[in-house]
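Reckoned from all heavy atoms, side chains included, excluding hydrogens, waters and symmetry mates. Proteins come first, then strands; the chains are lettered A, B, ... in the order of their sequence lines, and each starts at number 1.
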There are 2 protein chains.
Amino acid sequence: MTITDGRRARGATSRSAVMRHAVDLASTDGLEGLSIGRLAAAASMSKGGVVALFGSKEQLQLATVAAACEVFAATVVSPALQQPRGLARVRSLAELFLRYSEQRTFAGGCFFAAASAELGSRPGPVHDAVAAAMRDWHGFLRGSIVRAVEAGELSGVDPEQLAFELTALLDGANRMSLLFDSAEPYRRASVAINRLLA
Amino acid sequence: MTITDGRRARGATSRSAVMRHAVDLASTDGLEGLSIGRLAAAASMSKGGVVALFGSKEQLQLATVAAACEVFAATVVSPALQQPRGLARVRSLAELFLRYSEQRTFAGGCFFAAASAELGSRPGPVHDAVAAAMRDWHGFLRGSIVRAVEAGELSGVDPEQLAFELTALLDGANRMSLLFDSAEPYRRASVAINRLLA
DNA sequence: CCTACCGATCGGTAGG
DNA sequence: CCTACCGATCGGTAGG
């Protein structure tokens, strides 16, 4: 027996439409700066409508983090899966991340860099969701490095240590590019990463 | 002829007392989240009093950035000047930065990491003040590296490139330690920095 | 999904 | 430095 609930289908469509605005607003103004009123205005909707869709600001923030995860997965992780396991995939992940940041997939640069800086020292469910997303990403990167080590393409390497250094360089390039409005940090990061993966 | 303006002297004392609270609030809640009302409450003062001392929120933010610069200079830069020019000073700067972050000199970790992430994509005088502070710090680090190269203590090194990599590792350690509430990133950063400076 | 409304807080001003 | 106040906006509720 199929339930044909038109309201639920419309709700899902509305949610994803509003979500696009939410992710953009949060990437520039932060998850705390993402207000229900301004989001409603951006989505040409009433405040009550946004509240009806998401319930509370915290749930809106959690939905926004989840939506950003999907964008990140589609932009960085999925394309890298087209590459064979091992060093090629590690290189691909680094390059795709730099492109994702440089092309300003999110208006305010890497969504997770902004979110983790904003929530780094404030406990709560939203902090935990951001930390979990970062853990997933680090874990995926580290796993990819492990494959490269197993294949003998990287020798004398501690995967955890290399994962730390790669993410530091990727995030550093994102931050400095935003702060100084320059593309040079991306080239600096590439140079360092190529040396680490040589 | 000496001007003895008791009000001005009292104003300066009050300002620096309020400033200490402002820097702490901004390091956890961000420069935008630093509200005049909560700062007044933290300093046991009326809102009007805070406004009288600083004039506007933007001027309060600028004063807060300046105060954070002084703390950073006293905690990281000045002690490093005790070391002789060259590689010893570069090592000292890196170690002092990691200690400054790990000891939570600011409640929310490195003040400038938080501020630059928050204001990275929002133009204005406060953004410019933060960017200028970061530029000074990078310039000092790069200059210290140049001395080490000139002294023959670092060979085959591009100072600009090395400065980028060091700051990426230092900021990366700060961010990951805050996000995951762990001291491990500091050890990872030390390992990488020791290799770069070997 | 809407309108209408709630109490709280925002940055800032007036006047002393 | 204070009190008293301004209009705007905040997150959220009520009722439909």
Opposite nucleotide pairing with C/dG15, Watson-Crick or G-U, both atom distances under 3.5 Å: D/dC2

When both hydrogen-bonding distances must be under 3.5 Å and the geometry is Watson-Crick or G-U wobble, what is D/dT9 paired with, if anything? C/dA8

Answer yes or no: does atom CG of A/Asp181 have more than 12 heavy-atom neighbours from other residues, nucleotides or ligands under 6.0 Å? no

Please indicate whether B/Arg104 has more than 12 foreign heavy atoms, meaning atoms of other residues, nucleotides or ligands, lying under 6.0 Å from its CZ. yes

Can you figure out which of D/dC2, C/dT3, C/dT13 approaches the side chain of B/Ser46 most closely? D/dC2

Check B/Glu153 with B/Arg85, please: is the shortest side-chain N to carboxylate O separation under 4.0 Å? no

Strictly by modelled atom types, are A/Arg175 and B/Ser116 linked by a side-chain donor-acceptor pair under 3.5 Å? yes

Could you label the plane-to-plane angle of the B/Phe111 and B/Phe106 rings as parallel, tilted or perpendicular, counting under 30° as parallel and over 60° as perpendicular? tilted

Tabulate atom names and distances for all N/O pairs under 3.5 angstrom spanning the protein and nucleotides 6-11 of chain C.
from: C/dC10; atom 1: OP1; to: B/Ser35; atom 2: OG; distance (Å): 2.7
from: C/dG11; atom 1: OP1; to: B/Lys57; atom 2: NZ; distance (Å): 2.8
from: C/dG11; atom 1: OP2; to: B/Ile36; atom 2: N; distance (Å): 2.9
from: C/dG11; atom 1: N7; to: B/Lys47; atom 2: NZ; distance (Å): 2.9
from: C/dG11; atom 1: O6; to: B/Lys47; atom 2: NZ; distance (Å): 3.1

